[in-house]
Amino acid sequence: ADVKPALVYGTGGKFDKSFNEAAYNGAEKFKAETGIAYRDFEPTGDTQGEQAIRNFASRGFNPVVAVSFAWTSAIEKVAAEFPDTKFIIVDSVVDKPNVRSVVYKEEEGSFLVGVLAGMASKSGKVGFVGGMDIPLIRKFECGYEQGARSVKADIEVFQNMTGTTGAAWNDPVRGGELAKNQIDQGADVIYAAAGATGLGVLQTAADNKKFSIGVDSNQNHLHPGSVLTSMVKRVDLAVYNAYTDTKNDKFTGGVQALGVKEDGVGAAIDDNNKPLITPEMQAAVDKAKADIIAGTIKVHDYTTDNSCPK
Amino acid sequence: MTDTPAIELVGIDKKFGAVHANKDINLTVAKGTIHGIIGENGAGKSTLMSIIYGFYHADAGEIRVNGTPVTIRDSQAAIATGIGMVHQHFMLVDNFTVLENVMLGAEGGALLAKGVASARAELKRLEKEYGLEVNPDALIEQLPVGLQQRVEILKAMYRGAEILILDEPTGVLTPAEADHLFRILKVLRDQGKTVILITHKLREIMAITDTVSVMRRGEMVATRKTAETTVEELAELMVGRRVLLRVQKGEATPGDVLLSVRNLTVKDNRGVTMVDNVSFDVRAGEIVGIAGVAGNGQSELLEAIAGIRKPHSGEIFLDGQPIDKADAARLRELGLAHIPEDRHHMGLVLKFEEYENSVLGYHRKPAYSRGPLLDLDAIRKDAMEKIEKYDIRPPNPRLKTANFSGGNQQKIVVSREIERDPAVLIIGQPTRGVDIGAIEFIHRRIIEMRDAGKAILLVSVELDEIRALSDRILVMFAGHVVGEKTPDAGEQTLGLMMAGIAA
Amino acid sequence: MDYYDILINVLSSTIRLSIPLIFTALAGLFSERAGVFDIGLEGKMLGAAFAAACVAYITDSAWLGLVAGILCSVSLSLVHGFASITNRGNQIISGVAINFFIAGITIVLGQAWFGQGGRTPQLSPASRFSPITLPGADAIREVAIIGPLYSNVISGNNILTYLAFLAVPLSWWILYRTRFGLRLRAVGENPGAVDTAGISVSWLRYRAVMCAGVLCGFSGTYLAIAQSAAFIKDMSAGKGYIALAALVFAKWKPVPVMFACLLFGFLDALANFMQGKQVPLIGAVPVQIFQALPYILTCILLAGFIGVATPPKAGGVPYTKER
Amino acid sequence: MSTASVSLPNWITYGLIPVLNLIVAFLISGVVVWLIGESPLGALSLLIEGALGSGEGIGFTLYYATSFIFTGLSVAVAIHAGLFNIGSEGQAYLGGLGCALVALALDRFVPWYVTMPVAVVGAGLFGAAWASIPAFLQAKRGSHIVITTIMFNYIGAALMVYLLVHVLIVPGKMAPETRTFLDGGQLPKLGWVMNLFGAKLGAAPFNVSFIIALVAAYFVWLLVWRTKLGFEMRTLGASPTAASYAGIPYARTVMIAMLLSGALAGMMALNPVMGSSARLQVEFVGGAGFVGIAVSLMGRNHPVGIIFSAILFGILYQGGDWISFEMPNITREMILVIQGLVILFAGALEYMFRPALVHVYQQFKVK
Ligand SMILES: Nc1ncnc2c1ncn2[C@@H]1O[C@H](COP(=O)(O)OP(=O)(O)OP(=O)(O)O)[C@@H](O)[C@H]1O
Ligand SMILES: Nc1ncnc2c1ncn2[C@@H]1O[C@H](COP(=O)(O)OP(=O)(O)OP(=O)(O)O)[C@@H](O)[C@H]1O
Ligand SMILES: [Mg+2]
Ligand SMILES: [Mg+2]
C-alpha cells in the first residue's frame, strides 16, 4: 500500500544516543531497505508535538509515529481528527482503532542489566538515576533492583530521580551530580534511565572509573570500559514495524507489549563491553533471559500497583 | 599680573536641544584676579563654566588658556591645563571617605597604597596653608554641606589648579562660612591664581571680585570692573531693565489663625534633624515670610506642612483642626494649597500634557470627574480658562509640559494652586527662574490672595522678595526659628540673623 | 555511612555546585558596582558554555574552549554596554533581551551544526578540565577527619574550581586596593564625580562590564567543559538568577558573595542528597522547597528583615549629562 | 548638541522608530538564518504563509496573540505606574492554578458560560495574589520589584511543580497535569469568526478568551487614560516626587497597579488552560510572560499598540513553528532569537536611531 512515513521524536533531539536515536535508526533501516523516504520532526518543547503530528496527518503522511508518552493526549486528539491515518504511539496506550500503542516490558530488560550490575559490583552497592519521576521510570528501577537482588540478596540500591518535569530528560549536569553522590556513597555500578540526562551519568561514572549502564539505545560505545552494558529498548523495531506493516497492509491497532521474549528489550553485549562481562555473568544473564521467557521468573511491573517488592 | 589673560573665550555657543544655553559668548579673565559672573537662573552660567571645564562640549567657539588655544576634550584635559571646578551640585561619592574622594582621578598609580600616603601628606599641607581643615577619614555622607564643599575645593587644589571655578559656592553657606571661603579665595589670588566665582548675590560680587561679567538668557551682556559699577547697574544688566522690587500693597488686616505650627520637629531622609522644635501661627489676611540661607530647614518645614513629609514630632493645625497624619490629599481638601519650591520635580509632571498638570493633586474633585472616570472636557475647559487668565504661552492645553519655558511652567503651577481659592497658601520660591514680567504678575496675585483674607506662608531665599511681600518675617537658621521681624527691618539685621549670629 | 561521610559528600557536592554561582555573582558584582544592572548574567553564562563546548570539541583543547567562552561572554557584555552605556537604554530590558537571544541562538546553532537536539557532542577528556588530585591526597585519605576533608573536598576538583576561589580575594583586591577598583566603585555611586574627575564614565563602565564578561566566561566554561562534557540546551537553568540573588544577598561585597554562593550551592546539594529520604518528624521534604529556598531567602533579605541591602546608588540609571 | 530633548512628531515616535527597530531585528535574524545555510527570504515567506496563509494558521496566530495581549497588558499596567514587573510569567502560572481549580470544581455542574466568569475571577485572583507579595515588599519595604518578581517566578515554578506532581496529578498518569476538563470547563472556539471570513479554523485553539483579552485591553485603556486611578498611576510612574506632592498614596497605588498587573497576567491562563489543552499542565505558560515584556515595549505600553504587537508575536510563534517544520535545520527556538532581538532594538536600543532621525527631520523642517 501507499506509505508516506512520518516520525515525531520525543523532546531531547534525534541524536540523543538513546531513546530518540533508536527511533531514528528504525526509520533509517526502513529507508535503506525500501528506498522510501520519511519525514521527521524534532520538537524541542512539549507544545510542539501536537502541532507536528497534526501537520503530518493533514499533509497525508501515513503512518505517523510518535515516540514518547508525552504525545499521548496529542495522539488521542489528532487520531480522532484523522480516522483514516494510522498512528503509532510508543510508551503509552491510546485506545483508538487507528492507533497502535507500543509499550515495552522495561522491567524485564532492567532485570537483566540488574543481574549484570549485581555481579559486577564489588562494593555491594549499586545506583540508579532516573529522569523524570514518573511511574514508567520507577518501573525501570524496580526491575533493576529485582535483578540485582536475584544475584546478591543483600545488595544496596541507591536511587535518584533527576526532576519532576520534562526538563529532567535533558539535565546531564544534575545527572552527573546525582551519580557522583551515589559514587561517593559507595556505588560502583550506576544505571541511568534518564534520556539525555544519562549522558552525564555515564560521563561521571567514566570519570570516576566506575561502571555505568546505558539505556534505550546501545550506549556501550560511549565510554568503552566503563559502560557495563545497555538496557536496549527496541524503539527502532516499533518504528520499523510500523512502516513495514503499513506498507504490507498488515497494520493493526491495539496494544503491542514487547518484552524479552519478543526481543523488545534486552541487555546489550558487544565488542565494546565484552571484556567487562565474565563468562559467569554471561551465563547468569542468559539463564535469567531463558527463565523470563519460560515464565519461571516473573518480574514485577511497578506500574501495576505502584510499588516495588523489597 | 601679566598681560596674557588666564582664560579667553571666543564665540562659545551651546545648545541643549531646543534650549540655546550659550549664545556666542566672549569672555576674558585676567590672571591673578577674582572674576565674578552673575545672571538669573538659567542664564547659562553653569553651562559656560562646564564648557571651560571640559564637562560639556561647545558646539562652536574657542577656548584659550594663558594665550594658547586649547581643545578641552574632557575634564582630565582641563585639569591638566590647570583648571579646577567646584560644581553647583557637588560631585562627591557619598559613601567614600574624604581621602578617597580627593584621590579619585588623581590616584598616583595603578595601586592605591602609594597614593594614599602622599595624598594624606598633601591634605595636611593644604590644611595648614589655607585653613582647609577636614578629617580625611570621614565619610562624605556624614559631613555637613559646608565641609562637603571644602572637600570639593580640596579636590581642585590637590590637582594643582591654577584657575579655580566656583559655581554658586555660597548658596549653601552661612555668612560666616562664606567669609571664610572668601578669605581663602583672596589668599589664592594673592598667590597668583585665578578665580572665577558665580553667584546670585550682588553683595558678594561687590565685596570680593575684581571684575564682573553679567549673563542674560545665554548671552554675555556686559563686563565691568567691580570698582566702577554699582549694585543697581548690575541688577539692571541682569534682568534687562530697571528693577522695581517694591510691590504695591496696603496694610494687612490679620484675622483668625488659620495655620498653626506647634513644636514641630522634622528629620530628613538620612534622619538628620532639619526642623527643630518650631512654632508659629499664620493668620487670615497676612503673609508670613520665612527667610534663611538655603538648607536651613525651610524645605523640610514646607514639606511637613504640606503633608508630604512626616513630622518627627509636634503638631500642625489647619483652621483649628489638628493634622495628625501626613496626607497631602486630605490637606488639599481642607483648603491648603501649596506652590512647591521645585516645580520640575514636584509641582509638575513634565511628561504630561498641560491640562493634566492643571489638575494635578485636584484630580479627585467632583468637578473633574464622573464616577471613577476623569471628566476630560471639564478639565480641558478649566485649563484653557487658566491659560487665558494667567497668559500662559503657548495657549495650548494639549502641549507637553516640558515644552513650556520655565516661567510659563511656574505660571501653570501658580494658577492651579491659586485658582483653587484655598484658605491657606504655602509657597516655596515662587519666582525662581522666572522673568521679571512674570515675577511682577505672580507677586500681584499673592498680594491679592492676602487681601482676599487668605493665610499665606512664603519661603524664599531671595531676601528682597521676602521683604517685599511679607507682613511678618521669621528667620530660620539651622532648623530653628531664630527670630521674628517686620519687613522694614534692615537687610543687615536679617542677614546676621540668617547667619545665626544675632536674634 | 556515618554522618561525617555524609557531610563530606554534601560538602564536595556543594563546592561543585557553587563554582558557577561564584564566578557569575562576581561578574554581577563588577557590573553592578559600576552602576550597570545585569540580569543578562544568565545569558552570558549560557552563551559562554556553548562557545566553550563548540570550540573545545573542534580543537580538542579545554583552554581554547575557555578562551572562546570568555570571548563570547565578553562580546555579549559589549552588546549590553552598547545598549545601556552608549545608547543609555534600559539596563534591565537589555539584559532580558540578551537572555532570550542566547537561549534561542545556542539551540538554533547547536541543532543546525550538530543535530543533537541543541546539544553539542560529548567531549573527550582532553577537551575538558579534569579533576586534579592535590599532592598527598591519596596518602592521607585514611587519616581521620582531615583525611576525607582534604582528599574528597579540597582535592579532586578541576582547575576552574581553584580559580573561582582565587577570584574572590582577587576581586576584593581589585575593588578595594587598585585605582581601577576605586573608580569602579565611584562610578556606581556617583558617575558625575567620576566624570568631573576627568575619567570617562563610559569607558570605565565598559571595562566593568567586560570584567563581568570574563567572569561569566569562566562560569559558562565550567558548566560545559568542566562540570559536564557537552553543552546542553538551557544548561544554565536559572543559575544566573540565583547568582544575582546571591549578589543581593551578599550586599554587593566580594567575600560575602562567596559565602552566599556556597550557601545556595549547599542548598542545591542538600536537595539532591535529601531526595526521597525521610526526615524525622517531617517525612520526605519536597525538593521544590530546596529549589525555592535561595529565592525566598533573598526576598526576605530584600524586605529588610536581615539587615538592609542597599544597591549601588547609580545602579540602573544611565548616565546622562545633556538632557 | 544633544538631541534628546528635541521633540519629534508622533508618527515618527510611535510609527517610524518602532518599525525601524523591528526591521533591524529581522535583518539580524535573517543573517542568523543565512548562517545556518537556509534562505532568509524563504524563511520569511514560510513565516507569513504559516501564520497567515490559512484559516488554521490565522487561528493559531490569534491563539498565541491572545496570551500575549494579556501578558503585554500586565507588563504595561505596571510600567505606567513606574514598576517593571518581570513576574508576569509566574503570575500567569499561578493564574492557571486559579483557573484550573474553578474548572475542576464547576465543569461537571454548569455550562462553560457560567464557568468562564468565575474562572476569570479565579485566574485573576491567583495572579494578583502572586503579585501581591513583591508588590507589598516594594510598597512597604522598598525592595526592588525587578529582583523580587524574578525570584517569585522561580518560587512560583517550584510551587506549581510541587502541586502538579504531588497534589493535582491524576493518580497513575505519568504527566504531571490535572484531569481533562469536561465541556463545562472548556472555552468554545471561535470557529464562527473564521467562517465569517470564509476561512476554516481547523484545529487551531483560537477561543473565546481572545474576546476577553480585547475587553481587557479596552478596560486597561480606560483605566490608564480615563480614570482617576490611572491618572495617579501615571503620575507615580512619571514622577514619584510629583505624586507625593499631589497626595497620591505611594503604597496604595503601587499595590493596586501590581495587583491589576498580576490579575491580567493570571487571566492569560484562561487561553491555554481552558481554551486549548483543557487541563493544567506543567510549564504551560511557556515564556508568554516574558513575551509580554517585548509586546508591551513594542506596543509602546498602549493597549492598541499591544494588540498589534501581540499579533505580530503571534505571527512569529505560529510562523516560527511552520518554519521549523518546513526547514528542519531551523528549530523553533529561532523565535527566541527574534524575540531577543526585538526586545533589544525596540526596548534597550529604542533611541539608537533617534539622533540621526532628529538631524534628518530638522534638515527637512528647515527647508
Ligand atoms: N544638561 C542639560 N541638558 C539640557 N539642558 C540643560 C542642561 N543643563 C542646563 N540646561 C539648560 O540650559 C539653560 C542654562 O542652564 P544653566 O544651568 O547653565 O543656567 P545657570 O545660569 O547656571 O542657572 P542657575 O543660576 O539656576 O544655576 C537652562 O535653560 C537649562 O534648562
Ligand atoms: N526640557 C525641555 N524639553 C523640551 N523643550 C524645552 C525644555 N526646556 C525648555 N524647552 C524649550 O526651550 C524654550 C526656552 O526655555 P527656557 O526655559 O530657557 O525659557 P526662558 O527663555 O528662560 O523663558 P522664561 O523666561 O519663561 O523662563 C522653551 O520655550 C521650551 O519650548
Ligand atoms: Mg547654574
Ligand atoms: Mg527660564
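A note on names: the letters A, B, ... follow the listed sequences, proteins ahead of strands, and every chain is numbered from 1. Every value quoted in this text rests on a predicted model; they were computed, and no experiment measured them.
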*Asks:* At a heavy-atom separation under 4.5 Å, does E303(B) approach chain D through its side chain, its backbone, both, or neither?
*Replies:*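 For E303(B), no heavy atom lies under 4.5 Å from chain D.
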*Asks:* Do other residues, nucleotides or ligands put more than 12 heavy atoms under 6.0 Å from the OH atom of Y250(D)?
*Replies:*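 Enclosed.
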*Asks:* Test the R332(B)-Y245(D) pair against the cation-pi criterion, namely NZ or CZ under 6.0 angstrom from the six-membered ring centroid and within 45° of the ring axis.
*Replies:*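 Yes, cation above the ring, under 6.0 Å and within 45°.
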*Asks:* Would you confirm whether S244(D), through its side chain, and I308(B), through its main-chain N or O, come within 3.5 Å as a donor-acceptor pair?
*Replies:*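 Answer holds: no.
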*Asks:* If you compare all heavy atoms of A328(B) against all heavy atoms of G247(D), which two are closest, and at what distance to 0.1 Å?
*Replies:*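 So the minimum-distance heavy-atom pair works out to CB-CA, 3.4 Å.
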*Asks:* Just by modelled atom types, is the H345(B) backbone N or O under 3.5 Å from a matching donor or acceptor in the S239(D) side chain?
*Replies:*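 Yes, S239(D) side chain to H345(B) backbone: donor-acceptor pair under 3.5 Å.
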*Asks:* Do H363(B) and I248(D) have side chains that get closer than 4.5 Å, going by heavy atoms?
*Replies:*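 They are in side-chain contact.
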*Asks:* Taking only residues two or more places apart in sequence or in another chain, which ones pass ring pair (Phe, Tyr, Trp, His ring centres under 6.0 Å) with F126(D)?
*Replies:*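 Ring pair (Phe, Tyr, Trp, His ring centres under 6.0 Å) check on F126(D) returns nothing, list empty.
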*Asks:* Of all the heavy-atom pairs spanning R364(B) and K228(D), show the shortest one and how long it is.
*Replies:*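 Closest heavy-atom pair between R364(B) and K228(D): CA-CD, 3.8 Å.
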*Asks:* In this structure, which one of D375(B), L376(B), L374(B) forms a side-chain contact (heavy atoms from CB on, under 4.5 Å) with R226(D)?
*Replies:*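 That would be L376(B); it is the only one of D375(B), L376(B), L374(B) passing the side-chain contact (heavy atoms from CB on, under 4.5 Å) with R226(D).
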*Asks:* To the closest 0.5 Å, what do you measure between OH (Y368(B)) and CZ (F231(D))?
*Replies:*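 Rounded to the nearest 0.5 Å, the OH-CZ separation comes out at 11.0 Å.
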*Asks:* So with a 6.0 Å cut-off around CZ of F308(D), is the heavy-atom count from everything else above 12?
*Replies:*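 Atom CZ in F308(D) is not packed in, count stays at 12 or less.
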*Asks:* Is it the backbone or the side chain of L348(B) that comes under 4.5 Å from a heavy atom of chain D, or both, or neither?
*Replies:*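 Just its backbone gets close to chain D.
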*Asks:* Do other residues, nucleotides or ligands put more than 12 heavy atoms under 6.0 Å from F219(D) CZ?
*Replies:*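 Atom CZ in F219(D) is not crowded, with 12 or fewer foreign heavy atoms closer than 6.0 Å.
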*Asks:* Just by distance, do the side chain of K351(B) and the backbone of T235(D) share a donor-acceptor pair under 3.5 Å?
*Replies:*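 Side chain of K351(B) to backbone of T235(D), a donor-acceptor pair under 3.5 Å: no, none is there.
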*Asks:* Check whether any side-chain heavy atom of T241(D) sits under 4.5 Å from a side-chain heavy atom of D342(B), and report yes or no.
*Replies:*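 The answer is no, as the side chains (C-beta and beyond) never meet within the 4.5 Å cut-off.
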*Asks:* Which residues, numbered in order, of residues 127-147 of chain D come under 4.5 angstrom of chain B by heavy-atom distance?
*Replies:*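 Counting heavy atoms that sit under 4.5 Å from chain B, no residue of residues 127-147 of chain D is involved.
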